[in-house]
Amino acid sequence: GPKVLQIPSHQIIDMGQMVTLNCDPVSNHLYFYWYKQILGQQMEFLVNFYNGKVMEKSKLFKDQFSVERPDGSYFTLKIQPTALEDSAVYFCASSFSYEQYFGPGTRLTVL
Amino acid sequence: GDSVTQTEGPVTVSESESLIINCTYSATSIAYPNLFWYVRYPGEGLQLLLKVITAGQKGSSRGFEATYNKETTSFHLQKASVQESDSAVYYCALGLQQGTGSKLSFGKGAKLTVSP
């Protein structure tokens with residue numbers, strides 16, 4: 001079936017650095033999402049994105065976070081600067097309708 | 001607020017036995033959320049197992065079924081006879097807006113192990 005790809009699969013960075021997580025969504029999808037899962041906790045919604053704009057963001061989507069999808073390329077989540085509490089697995093998803101297709105996740109470790 | 005409470009793993013069932021994974025929800029931001037079961041097989045990404053967007057309806061896929069019960073705010077996942085290949089982590093989720101593009105609220109997941 002359709003696949004969402006995420007690059008990289010694992011990223012280790014020092015606190016205060018910038019990181020960009022990349023998502024290659026399903027080609028004809030219109031809606032894009034980021035979710036965050038801290039070890040041992042449930043996956044939580046961060047943000048959704050449609051037609052070049054953020055639709056909604058949760059309280060977890062701090063001011064240091066930003067998303068974009070320039071010219072139909074990767075859908076990216078940028079964190080600048082990173083903090084220790086940003087360590088988590090970040091899942092990208094895309095959808096055309098109700099069904100969201102998820103990527104395998106990027107494990108971010110902030111030291 | 002909006003939340004999902006589900007059976008948490010591990011759940012161990014013998015092959016050909018029946019299965020039920022409980023899911024109840026609380027939805028304060030929307031009267032009738034869309035309801036989903038997602039599954040993550042070992043080594044794979046999260047994928048949709050089944051969905052129901054109308055209260056009172058039943059969804060089914062791969063022998064699994066779940067009924068949207070608005071009276072009890074439940075959406076339990078059932079299967080009459082499980083197979084070893086059903087071993088996976090199962091997540092109940094709410095769609096918190098009407099229509100497409102809705103954010104999802106997930107339960108913590110139930111890890112199912114089916115023994116031969």
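By convention in this document, chain letters (A, B, ...) are assigned in the order of the sequence lines, proteins followed by strands, and residues within each chain are numbered from 1.
With respect to A:Glu56 and B:Lys103, a salt bridge is recorded, a charged nitrogen being found less than 4.0 Å from a carboxylate O.
At a 4.5 Å heavy-atom cutoff, the contact between A:Tyr33 and chain B is made by side-chain atoms alone. Within the 4.5 angstrom heavy-atom criterion, only side-chain atoms of A:Met55, from C-beta onward, approach chain B. With a 4.5 angstrom heavy-atom cutoff, A:Phe49 does not touch chain B via any of its atoms. For A:Phe91, the part sitting under 4.5 Å from any heavy atom of chain B is the side chain, from C-beta outward, and nothing else. Heavy-atom distances place both the backbone and the side chain of A:Gln100 under 4.5 Å from chain B.
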>> Applying ring-ring contact (aromatic ring centres under 6.0 Å, His included) to B:Tyr38 and A:Phe102, what does each step give before you reach the verdict?
In response: CA-CA 10 Å; B:Tyr38 276 82; A:Phe102 286 81; 5.4 Å; yes
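Taking the side chain as every heavy atom from C-beta outward, B:Asn34 and A:Tyr98 approach each other to under 4.5 Å. By the 4.5 Å heavy-atom criterion applied to side chains, B:Phe106 and A:Tyr35 are counted as neighbours.
Taking chain A as the reference chain and counting heavy-atom pairs below 4.5 Å, the highest number among B:Val4, B:Leu104, B:Leu48 is found for B:Leu104.
B:Lys111 is linked by a salt bridge (charged side-chain N to carboxylate O under 4.0 Å, His left out) to nothing, counting only residues two or more places apart in sequence or in another chain.
For the atom pair A:Gln42 CD and B:Cys92 SG, the distance stands at 11.5 Å (nearest 0.5 Å).
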